[in-house]
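Counting starts at 1 for both ligands and their atoms, in listed order. Only a predicted model underlies this, so the values are computations on that prediction, with no experimental measurement involved. Counting begins at 1 with the first residue of the sequence.
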Amino acid sequence: MKRVLVAVKRVVDYNARIRVKADKSGIDVANVKMSMNPFCEIALEEAVRLKEKKLTEEVVAVTIGVKAAQDQLRTALAMGADRGIHVLTDAELEPLAVARLLAALAQRDEPALFLLGKQAIDGDNNHTGQMLAGLLGWPQATFASKVETDPVAGTATVTREVDGGLQTLRLRLPAVVTSDLRLNEPRYATLPNIMKAKRKPIEQLSPEALGMDVPKRLEILRVEEPPKRKGGVRVASVAELVDRLHNEAKVL
Ligand code: AMP
């Protein structure tokens, strides 16, 4: 394969404690640690492994978003991507807008494989890969737990985690694949590679340069925190547990 594109998103770090804004319009991200979406790290790791196995010549990381999203592209470069593409926009991004921009890049750069995370942990949409494949008219395999490519045959064989088991698909390339948790364990960027990544190229461009706008089709009405969990009680015996379930919780 000549090229693999990987979409990486800047999101609130999975360890960060998030707070809902007072007016319930969204999450307060001021002073919150931001990182690469964990499923995107997995997608990127898979692409880098393909390059290490000499199954692709180039790995390109793509992000769409604010200026600071460059940090996540640098992480991608430190993990092994050869170059980055940053579509710069301050607009609020919805999956269809992201998919349209990624589709425009796919048409321009012609990857054999477009890897994405199955889901971004901020919006929890799980839409973008599917929409991208639909827009391009390419085959897709979502929730991948194993990816094997055969550049000679021009195919990928992907094992998917589906309810109740595993499904294996063979796809004609070019194709879209989204990563599940068990696809691999992403590497940490080492210090020498972080230094090297500073010299790798990042192309910056606007949505307009790709012939796209970033329309808003959805309106968030309300974001609420889950209800606070009430404290548990420790019971002394099974008899007491049964008694409480019967008389207090009234579930028996
Ligand atoms: P979602 O459909 O929003 O859950 O996101 C699924 C995947 O789409 C992510 O794991 C990324 O690979 C990709 N993606 C979503 N938004 C962006 C973005 N702003 N920039 C780059 N990739 C994105």
Side-chain angles (χ1 to χ4, degrees), residues 4-14 26-27 29 34-48 59-77 79 81 83-106 108-109 111 113-136 138 140-145 147 158 160-161 175-184 186 202-207 209-210 212-218 220 223:
V4 175
L5 250 59
V6 189
V8 300
K9 187 178 186 193
R10 173 184 174 86
V11 297
V12 171
D13 186 88
Y14 73 98
I27 303 297
V29 290
M34 305 294 281
S35 299
M36 191 192 301
N37 180 48
F39 292 108
C40 301
E41 284 184 350
I42 295 170
L44 186 78
E45 173 68 32
E46 198 62 21
V48 173
V59 173
V60 184
V62 181
T63 199
I64 303 165
V66 294
K67 194 154 180 279
Q70 217 194 87
D71 296 348
Q72 281 63 47
L73 272 186
R74 288 280 168 215
T75 305
L77 298 175
M79 283 173 70
R83 63 182 171 96
I85 302 174
H86 188 173
V87 182
L88 259 167
T89 173
D90 290 334
E92 251 176 69
L93 290 163
E94 294 171 8
L96 183 56
V98 173
R100 289 171 72 237
L101 289 164
L102 296 178
L105 280 172
R108 192 195 73 166
D109 284 11
L113 192 63
F114 211 135
L115 287 168
L116 298 90
K118 73 165 179 182
Q119 177 173 342
I121 62 166
D122 51 1
D124 273 346
N125 290 310
N126 174 231
H127 289 162
T128 309
Q130 293 88 328
M131 288 179 171
L132 174 63
L135 289 169
L136 290 168
W138 290 5
Q140 62 173 304
T142 51
F143 311 123
S145 61
V147 177
V158 179
R160 308 180 56 229
E161 297 198 352
V176 173
V177 172
T178 73
S179 61
D180 213 327
L181 197 62
R182 278 165 288 275
L183 180 59
N184 59 48
I202 293 181
E203 176 191 7
Q204 287 192 343
L205 69 174
S206 64
L210 290 167
M212 294 287 162
D213 55 353
V214 188
K216 235 175 111 53
R217 292 182 167 82
L218 306 171
I220 294 175
V223 175

> Which of the atoms in ligand 1, numbered in the order shown and given with their element, are less than 4.0 Å from a heavy-atom of Asn126?
Replying inline: 1 (P), 2 (O), 4 (O)

> Arg217 and Glu94: which non-hydrogen atoms are nearest, and at how many Å?
Replying inline: N-OE1, 2.9 Å

> Are Glu203 and Arg108 within salt-bridge range, i.e. N to O under 4.0 Å?
Replying inline: yes

>> Taking the basic N atoms (NZ, or NE/NH1/NH2) and the acidic carboxylate oxygens, is any pair closer than 4.0 Å for Glu161 and Arg182?
In response: yes

>> Could you tell me, atom by atom, which parts of ligand 1 come under 4.0 Å of a heavy atom of Ala120?
In response: 1 (P), 3 (O), 4 (O), 5 (O), 6 (C)

> Is it the side chain, the backbone, both or neither of Val8 that has a heavy atom closer than 4.0 Å to ligand 1?
Replying inline: backbone

> Quick one: do the Glu46 and Asn184 side chains pair a donor with an acceptor below 3.5 Å?
Replying inline: yes

> For ligand 1, does Val98 get within less than 4.0 Å through its side chain, its backbone, both, or neither, judged by non-hydrogen atoms?
Replying inline: side chain

>> Please list the nearest protein heavy atom to atom 22 (N) of ligand 1 with its residue and the distance rounded to 0.1 Å.
In response: Ala7 CB, 3.5 Å

> Which residue owns the protein heavy atom closest to atom 16 (N) of ligand 1, what's the atom, and how far is it?
Replying inline: Lys9 CD, 3.3 Å

> Backbone N or O of Thr142 within a donor-acceptor pair of the Arg160 side chain at under 3.5 Å?
Replying inline: yes

> Can you tell me which residue and heavy atom of the protein come closest to atom 13 (C) of ligand 1, and the distance to 0.1 Å?
Replying inline: Leu116 CD2, 3.8 Å

>> Suppose I only count heavy atoms of Ile64 and a 4.0 Å limit; which atoms of ligand 1 are within that range?
In response: 18 (C), 19 (N), 20 (N), 21 (C)

>> Quick test of your reading of the structure: of Cys40, Pro95, Ser179, Gly117, whose heavy atom lies closest to atom 7 (C) of ligand 1?
In response: Gly117

> Does the side chain of Asp122 reach to within under 4.5 Å of the side chain of Ile27, using non-hydrogen atoms?
Replying inline: no

> Quick one: does ligand 1 sit under 4.0 Å from the side chain of Leu93, the backbone, both or neither, non-hydrogen atoms only?
Replying inline: side chain

> Looking at atom 3 (O) of ligand 1, what's its closest protein heavy atom, distance included?
Replying inline: Asn125 ND2, 3.4 Å

> Side-chain contact, heavy-atom cut-off 4.5 Å: Val12 with Met34?
Replying inline: yes

> Any idea which protein heavy atom is nearest atom 8 (O) of ligand 1, and the distance to it?
Replying inline: Thr128 CB, 3.3 Å

> Do any N/O atoms on His127 end up under 3.5 angstrom from N/O atoms on ligand 1?
Replying inline: yes

> Does the side chain of Val60 reach to within under 4.5 Å of the side chain of Pro111, using non-hydrogen atoms?
Replying inline: no

> Numbering the atoms of ligand 1 from 1, which are under 4.0 Å from a heavy atom of Asn37?
Replying inline: 10 (O)

> Under 3.5 Å, is there a donor-acceptor pair linking the side chains of Asp124 and Gln119?
Replying inline: yes

